[in-house]
Amino acid sequence: MLILIDDADPKAIEDTLSFLPVDGVTTNPAILARYGADPLATLKRIKEILPFGSQMHAQLVSTTTEGMLAEAAALRETLGEHIFVKVPVTREGYAAMPLLKQRGFYITATGIHSAMQGFMAAKAGCRYIAPYVNRMDNYGISGVRVAADMHRMLRAQGIQSDVLAASFKNSEQVLELVRDGIGAITAAPDVLAHLVSNPATDMAIHEQNADFAGLVGGPMTWADLVAATGEK
Ligand code: G3P
């Protein structure tokens, strides 16, 4: 399963990359606006930061099919052929998907709020389909259940697309989808950090290290102890 960072702040991305096994970055127009800098320069900077082979997803903002095709071409020209273009599941977006696929683009369908929207986007050639989990929850629909249904639909139909679940607000939503075996999730740096942080862990490790310091007479590490023996 791929884990992606849903953010555009290069510092936050670097911080997440420094300690978590993540596979790339997704952005959308609102995320870029929240960061506030020139959006094209921001995408270029993110590309520089990401390790080779990482995914980068950028969302098209045109509201016409022709405009989407032109934007996708411009993005590929500037950011390289491995860029994933995020295409909204609007009427114009669905029309653009097979055309983009014919032109060899990697496509992520975005803004998905129902299983059938996702299924049709996969059928139209999208590599990933991105349900908005928390936003569905806010409408009283279980986003996790819809995302899991989509995953089952894809596998039952033998379609080689994957669910890239997005819009998470907590670890539990992510956990349930990991359990269901979906292909990818994208979440903000704070949600990703909470996947691994636990105050009980910090307390347990602190207590163990305090006991060890008591044993060796101070806050010494194994390296200190080996050095103290004079052995190499
Ligand atoms: O990238 C799209 C998705 O993550 C939107 O999330 O937080 O605006 O619901 P949010």
So, Asp162 and Arg155, do they make that salt bridge, N to O below 4.0 Å?
yes

Stepwise side-chain hydrogen bond (donor to acceptor under 3.5 Å, both in side chains) check, Tyr132 with Thr110
CA-CA 8 Å; Tyr132 281 8; Thr110 194; 3.1 Å; yes

Taking the side chain as C-beta and beyond, is there a heavy-atom pair between Leu177 and Phe168 under 4.5 Å?
yes

In terms of relative ring orientation, are Tyr106 and His82 parallel, tilted or perpendicular, with 30° and 60° separating the classes?
parallel

Okay, side chain of His57, backbone of Gln55: is any donor-acceptor separation there less than 3.5 Å?
no

Is a side-chain donor or acceptor of Asn170 paired with a backbone partner of Glu172 at a separation under 3.5 angstrom?
yes

With a 3.5 Å cut-off and no angle check, do the side chains of Asn134 and Ser167 form a donor-acceptor pair?
no

Strictly distance-based, threshold 3.5 Å: is any side-chain N or O of Asp137 a donor or acceptor partner for the main-chain N or O of Gly143?
yes

Under 3.5 Å side-chain donor-acceptor pair for Ser62 and Glu71
yes

Met120, CE atom: more than 12 neighbouring heavy atoms under 6.0 Å
no

Could I get the full list of ring pair (Phe, Tyr, Trp, His ring centres under 6.0 Å) partners for Phe119, not counting sequence neighbours?
none

May I ask you to establish whether Arg76 and Phe105 are in a cation-pi arrangement, using a distance under 6.0 Å from NZ or CZ to the six-membered ring centre and at most 45° from the ring axis?
yes

Is the NE2 atom of His194 crowded by more than 12 outside heavy atoms at less than 6.0 Å?
no

N-O pairing of Glu48 and Arg45 below 4.0 Å:
yes

Heavy-atom check, side chain of Val146 versus side chain of Met150, under 4.5 Å:
yes

Does Phe19, at its CZ atom, have more than 12 non-hydrogen atoms belonging to other residues, nucleotides or ligands within less than 6.0 Å?
yes

